[in-house]
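Notes follow once the structure below has been shown.
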Amino acid sequence: MPALFRTPLCIALLLTAHGACAQAYPTKPVRLIVPFPPGGGVDFVGRVVGQKLTERLGQQFAIDNRAGANGIVGLQALMASPPDGYTIAAVSAGPLACNPHLYSKLPYDTLRDFTPIANMINFPLMLVAHPSLPVKNVKELIDLAKAKPGEITYSHPGVGNTGHIAGELLNAVGKVKTTGIPYKGTAPSVIAVLSGEAQLTYSSIPTALPYIRAGRLRALGVGNAKRMPSLPEFPTVAEAGLPGYEAYAWGGMLGPAKMPVDIVNRLSREIVASINSKDVTDRMLNEGTVPTPSSPEEFAAYIKSEIQKWGVVIRGANIRVE
């Protein structure tokens with residue numbers, strides 16, 4: 001730095017200008033990519049938080065659903081965007097923590113190609129059945145699956161998605177064989193059970209809950225370790241007949257690699273404040289999800305731990321996508 005710009009006054013002016021730039025953000029609409037179809041759990045949290053960010057920051061956070069290839073299409077769109085804070089993405093465990101173990105060639109590196117902004121929400125997966133399936137709880141399901149190996153089908157949002165792994169985990173823990181059928185997203189996989197194309201699915205609670213309440217789906221259990229405080233009427237899968245079973249997903253916010261730290265921190269603070277606002281917290285809890293707002297550093301550490309955890313499950317089930 002030339003001597004002219006090393007004076008205390010000039011340094012103070014530069015820092016002030018840098019801080020003012022962060023405070024000015026955003027000055028135009030922000031694209032919020034959701035790498036899944038509308039109607040799923042990540043879409044739900046993306047829209048709720050996006051609307052709150054719009055209110056708080058005075059610029060539109062517009063949802064852009066870029067579904068395909070288990071989240072890869074949407075994440076490629078994020079990677080191709082300038083790292084200026086005007087394109088971010090609501091993402092989940094599947095694309096970030098599971099895909100690295102599923103694909104021999106993946107067009108991104110989770111830890112290198114993205115900027116963690118904030119964790120947002122935990123989605124306990126709900127095991128639901130079409131009402132025609134003659135089971136009322138998980139114990140009865142396991143007994144039926146043992147009597148009819150391979151005949152009971154479950155829909156899932158794509159090979160390697162957490163809904164798929166949840167089904168394989170039930171097969172492993174219950175020592176049964178149910179058959180997975182892939183669909184293009186959470187909402188289509190739930191629709192498959194509603195229509196009778198499949199008999200079971202492992203869905204995020206916000207997606208399945210309206211159909212459960214309408215009597216069009218039967219809830220067999222929640223994948224959390226404990227019952228949901230907001231939905232105590234639903235037992236866990238573990239207590240309903242399969243001890244040791246636990247399956248859940250999560251949603252967080254990312255940006256492209258090399259985002260400016262000041263914009264990352266500003267977005268993270270606003271996301272955390274949005275989730276902690278009473279109306280958003282109440283809505284998330286009522287929909288059967290658990291708010292988990294975090295700092296960028298906490299989210300980065302969590303992603304690393306999830307990559308390790310899901311790797312063990314995927315290798316154990318020998319799941320691969322070619």
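Note that these values count all heavy atoms, side chains included, but never hydrogens, waters or copies made by symmetry. Each residue takes its place number in the sequence, starting with 1.
The nearest pair of heavy atoms linking P107 to I72 is CG-CG2, 3.6 Å. Summarising the geometry of S155 relative to S189, their closest heavy-atom pair is OG-O, 2.6 Å, with the distance given to 0.1 Å. Of all heavy-atom pairs spanning A249 and T162, the tightest one is CB-OG1, 3.7 Å. For the residue pair I205 and M126, the shortest heavy atom distance occurs at CG1-CB, 3.9 Å. The minimum heavy-atom distance linking Q199 with T153 is given by the pair OE1-N, 2.9 Å. Of all heavy-atom pairs between P235 and L220, the closest is CG-O, 4.2 Å.
Under the 4.5 Å side-chain heavy-atom criterion for ILVMFWY residues, no single connected hydrophobic cluster contains both V261 and V272. A continuous path of hydrophobic side-chain contacts links V280 to M253 [ILVMFWY only; heavy atoms under 4.5 Å]. Linking ILVMFWY side-chain heavy atoms closer than 4.5 Å, directly or via other members, places F114 and Y103 in a single hydrophobic cluster. Residues F36 and V49 are members of one and the same hydrophobic cluster, defined by side-chain heavy-atom contacts under 4.5 angstrom among Ile, Leu, Val, Met, Phe, Trp and Tyr. Residue L102 is grouped with residue Y108 when hydrophobic side chains (ILVMFWY) are merged at heavy-atom distances under 4.5 angstrom, including chains of intermediate members.
Here the CD1-CZ distance, from I117 to F299, works out to 9.0 Å after rounding to the nearest 0.5 Å. Taken to the nearest 0.5 Å, the CD1 atom of I303 stands 12.5 Å off from the CD atom of Q308. The line from CG of N122 to CE of M228 is 7.5 Å long, rounded to the nearest 0.5 Å. Between M79 atom CE and T87 atom OG1 the span is 13.5 Å, to the nearest 0.5 Å. Once rounded to the nearest 0.5 Å, the distance linking CD1 of I63 with CG of L32 reads 4.5 Å. The structure places CD of Q51 at 11.0 Å from CZ of F61, a figure rounded to the nearest 0.5 Å.
P95 places none of its side-chain heavy atoms less than 4.5 Å from the side chain of C98. A 4.5 Å side-chain heavy-atom check between I121 and M284 finds at least one atom pair inside the cut-off. Counting heavy atoms from C-beta on, the side chains of V45 and F123 come closer than 4.5 Å. With a 4.5 Å cut-off on side-chain heavy atoms, Y248 and Y202 do not count as touching. In this structure the side chain of P206 reaches within 4.5 angstrom of the side chain of T289, judged on heavy atoms. Under the 4.5 Å side-chain criterion, counting only non-hydrogen atoms from C-beta, H101 is not in contact with V313. The side-chain heavy atoms of V222 and V237, taken from C-beta on, include no pair separated by under 4.5 Å. Counting heavy atoms from C-beta outward, L96 and I307 have side chains that stay 4.5 Å or more apart.
Judged purely by atom type and a 3.5 angstrom limit, N99 uses its side chain to pair as donor or acceptor with the backbone of N70. A donor-acceptor pair is defined here as one N or O able to donate and one able to accept, closer than 3.5 Å; such a pair exists between the side chain of T281 and the backbone of I275. Listed for the T207 side chain is no donor-acceptor partner under 3.5 Å among the backbone atoms of S203. Judged by distance alone, with hydrogens and angles left aside, the side-chain atoms of T54 form a donor-acceptor pair with the main-chain N or O of G50 at under 3.5 Å. The main-chain N or O of R112 is found under 3.5 Å from a side-chain atom of D109 such that the two form a donor-acceptor pair.
With respect to the salt-bridge test (charged N to carboxylate O, under 4.0 angstrom), the residues D143 and K139 qualify. Between D262 and R266 no salt bridge is recorded (no basic side-chain N to carboxylate O distance below 4.0 Å). For the pair E239 and R227, the salt-bridge criterion is met [side-chain N within less than 4.0 Å of a carboxylate O].
Heavy atoms from other residues, nucleotides or ligands lying under 6.0 Å from OH of Y86 number more than 12.
No side-chain N or O of T186 forms a donor-acceptor pair with one of S204 less than 3.5 Å apart. Under the 3.5 Å distance criterion, with hydrogens and angles disregarded, no donor-acceptor pair is assigned to the side chains of R56 and S277. Remark: the Y183 side chain and the E197 side chain contain an N/O donor-acceptor pair separated by less than 3.5 Å. Side chains of Y154 and E168: a donor on one and an acceptor on the other come within 3.5 Å. In this structure, a donor-acceptor pair under 3.5 Å is absent between the side chains of Y25 and D84. Side-chain atoms of T178 and N171 include a donor-acceptor pair closer than 3.5 Å.
By the side chain to side chain donor-acceptor pair (under 3.5 Å) test, K28 is found to be paired with no residue, residues two or more places apart in sequence or in another chain being considered.
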Worksheet item: Stepwise, does the side chain to side chain contact (heavy atoms under 4.5 Å, CB included) test hold for R218 with H130?
Response: CA-CA 6 Å; R218 178 180 295 141; H130 189 276; over 6 Å; no
Worksheet item: Please walk me through it: do L254 and I88 pass side chain to side chain contact (heavy atoms under 4.5 Å, CB included)?
Response: CA-CA 6 Å; L254 288 180; I88 57 178; over 6 Å; no
Worksheet item: Yes or no on salt bridge (charged side-chain N to carboxylate O under 4.0 Å, His left out) for D279 and R283, after CA distance, side-chain angles and deciding distance?
Response: CA-CA 6 Å; D279 57 333; R283 184 175 179 185; over 6 Å; no
Item to complete: Mind running side chain to side chain contact (heavy atoms under 4.5 Å, CB included) on S274 and L53 for me, showing each step along the way?
Response: CA-CA 7 Å; S274 296; L53 291 173; 3.8 Å; yes
Discussion item. Side chain to side chain contact (heavy atoms under 4.5 Å, CB included) for E298 and T292? Distances and angles first, verdict last.
Written reply: CA-CA 11 Å; E298 290 168 334; T292 56; over 6 Å; no
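Looking at L217, L133, T179 one by one, the single match for side chain to side chain contact (heavy atoms under 4.5 Å, CB included) with L200 turns out to be L133.
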